[in-house]
**Student:** 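Quick one: this structure, given as structure tokens, is what I'll be asking you about.
When a residue number appears, it is its place in the shown sequence, counting from 1.
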Amino acid sequence: MTSAGLDPPPRVEARGLARRFGPVIALDAADLDVRPGSVHALLGENGAGKSTLAKCLVGALAADRGRIVVDGRDVTLRHPRDAHALGLGMVWQHFSLVPCLTVLENLVLARPDAPRWIDWRHERAALDAFLEDVPLRIDPGARVADLAAGEKQRVEVVRQLRLGHRVLFLDEPTSVLTPQEADALLGRLRALADAGRISVVLTTHKLDEVIAHATHVTVLRRGRVVADAPLDRTIDAATLATWMVGHAPPSVARPAPRDARQPARLSIRALRVARAAGGPPVAIDALDVHAGEIVGVAGVSGNGQRELVEALCGQRSVDQGAIDVDARPWRADRASMRAARFGCVPESPLANATAPDMALADNLVLRVFDRAPIASRTGRVRRDALRASAQALAARFAVQSGALGRAIATLSGGNVQRAVLGRELVDDTRLLVAVNPAFGLDVGAAADVRRRLVELRATGCAVLLVSEDLDELITLSDRIVVMFEGRVVLSTLGVEADRQALGLAMAGHSAIASARADN
């Protein structure tokens, strides 16, 4: 290793890689050239093949055809150990650290050459020396469970560097970070790359981060490379989006100001709900969502948003407080949801909003299967009417054609998301709770979902939009509230929203005055 603790990165090339999953072509003669010292963005809509390509290059998948070349030499990657030996490593989207162990313990035990008997004093000294020349600050003695999301992400990156990996494949590395944490992490990685000490392959849906931090971009569409270019000032986010989908994606305009006289469809007062992972409960003193209003909920994942949504949807008990819908106490049962025209798109829709082993068609009509025209007067289900209704919803929301008879669990994440959206975003919905509704969708489909939310708002629907995409929240929301450790710590009008202030609030640094803002 160099004095900096990192060897120079190799050049990594994929030449004509192909990979098929049954009848589905995931990669079709795809090329990628990762030059030393670059931050190389790998983009594409959902299902374009970018994750498959990255997995082939770190030994997690084997290509059916093609070559992988490292520093001019053909290599065979049958296992991640083979990639490790060449200095190639992956930082996955979901953390893989052991929460009950310290940072130092996680880093040492990740080494394939970890000794049977560990001299922890020596290991701490070696790590301290390594960190002196790596611009990523971590606390070796901290317990991982006590770290914030941004700190855990830094530990994941340091672990890869400490293992000697000089080409890092990052899968959505900023999805759980505040804007400040994201800029800090990518800025430090860009500094290491500019110094010639690492290369980074960045898979992300956040195009502004690509523009700000990447040096090169490769775009995949349906398994093929459709664009490959160095990033310069002539390439903007709109250009990248057009490359990804093949045409300019539809724009979503900010909704017109709402009528402030509209009644509150959803009212929350003095709500207390236990957190899934322990810690302080969700404690919301007051939150209203009015007819014809979109209220956005921002926050790093794990700060009580999930528990709030589960309480509203009847999946978690309320310990204290009141939830009213249309000025009546809320009971989240089927009859109440139907009467209130309540729709919900929860986190992880396959697990929380579907019957996974049932057919897609049956899942699409779960809201209406016991009503005419699907149900007869005797309650018997008319299968032809069920299929016609399901087919119409599938077509309207671009759910995979020909999949109506398949178990919904066999569909891709993007198709499951569209199916649940199609079922819940109907025209007569009066109150909608949606969590990351555009997650996993390509640029065009995501824009279509956001347009539908604006259209629902225009009909008088009240929308509580929980999202980890600040740009989505700022564009769509009439008001934005930020949750931190189960509490609303900031409330602001959408037109006045400031990314810097939102990011600080998401990290728990909002001012006391903001925490007392009128909800």
**Student:** Under 4.0 Å between a Lys/Arg side-chain N and an Asp/Glu carboxylate O for Lys152 and Glu156?
**Tutor:** no
**Student:** Any salt bridge between Asp478 and Arg457, counting N to O under 4.0 Å?
**Tutor:** yes
**Student:** Is a side-chain donor-acceptor pair under 3.5 Å present for Ser376 with Arg380?
**Tutor:** no
**Student:** For the pair Asp370 and Arg334, find out whether any cationic side-chain nitrogen is under 4.0 Å from an anionic carboxylate oxygen.
**Tutor:** yes
**Student:** According to the ring pair (Phe, Tyr, Trp, His ring centres under 6.0 Å) rule, which pairs have a member within residues 302-334, sequence neighbours left out?
**Tutor:** Trp330-Phe342
**Student:** Any salt bridge between Arg499 and Asp208, counting N to O under 4.0 Å?
**Tutor:** no
**Student:** Does Arg224, at its CZ atom, have more than 12 non-hydrogen atoms belonging to other residues, nucleotides or ligands within less than 6.0 Å?
**Tutor:** no
**Student:** Ion pair present between Arg269 and Asp324, side-chain N to carboxylate O less than 4.0 angstrom?
**Tutor:** no
**Student:** More than 12 heavy atoms of other residues, nucleotides or ligands under 6.0 Å from CZ of Arg222: is that the case?
**Tutor:** no
**Student:** So that I can tick it off, tell me whether Asp448 and Arg452 are bridged by a salt bridge, with the cut-off set at under 4.0 angstrom between side-chain N and carboxylate O.
**Tutor:** yes
**Student:** I'd like to know if Arg382 pairs up with Asp384 as an ion pair, taking the criterion as any Lys NZ or Arg NE/NH1/NH2 lying under 4.0 Å from an Asp or Glu carboxylate oxygen.
**Tutor:** no
**Student:** Is Asp285 paired with Arg272 through a side-chain N to carboxylate O contact shorter than 4.0 Å?
**Tutor:** yes
**Student:** With distance as the sole criterion, is a donor-acceptor pair present between the side chains of Asp171 and Thr203 under 3.5 Å?
**Tutor:** no
**Student:** Test side chain to side chain contact (heavy atoms under 4.5 Å, CB included) on Val466 and Met483; report intermediate values, then the result.
**Tutor:** CA-CA 10 Å; Val466 182; Met483 289 187 67; over 6 Å; no
**Student:** Does any donor atom in the side chain of Asp228 or His216 lie under 3.5 Å from an acceptor atom in the other side chain?
**Tutor:** yes
**Student:** Any salt bridge between Glu293 and Arg479, counting N to O under 4.0 Å?
**Tutor:** yes
**Student:** Looking only at side-chain N and O atoms, does Thr242 offer a donor or acceptor that is under 3.5 Å from a partner on His247?
**Tutor:** no
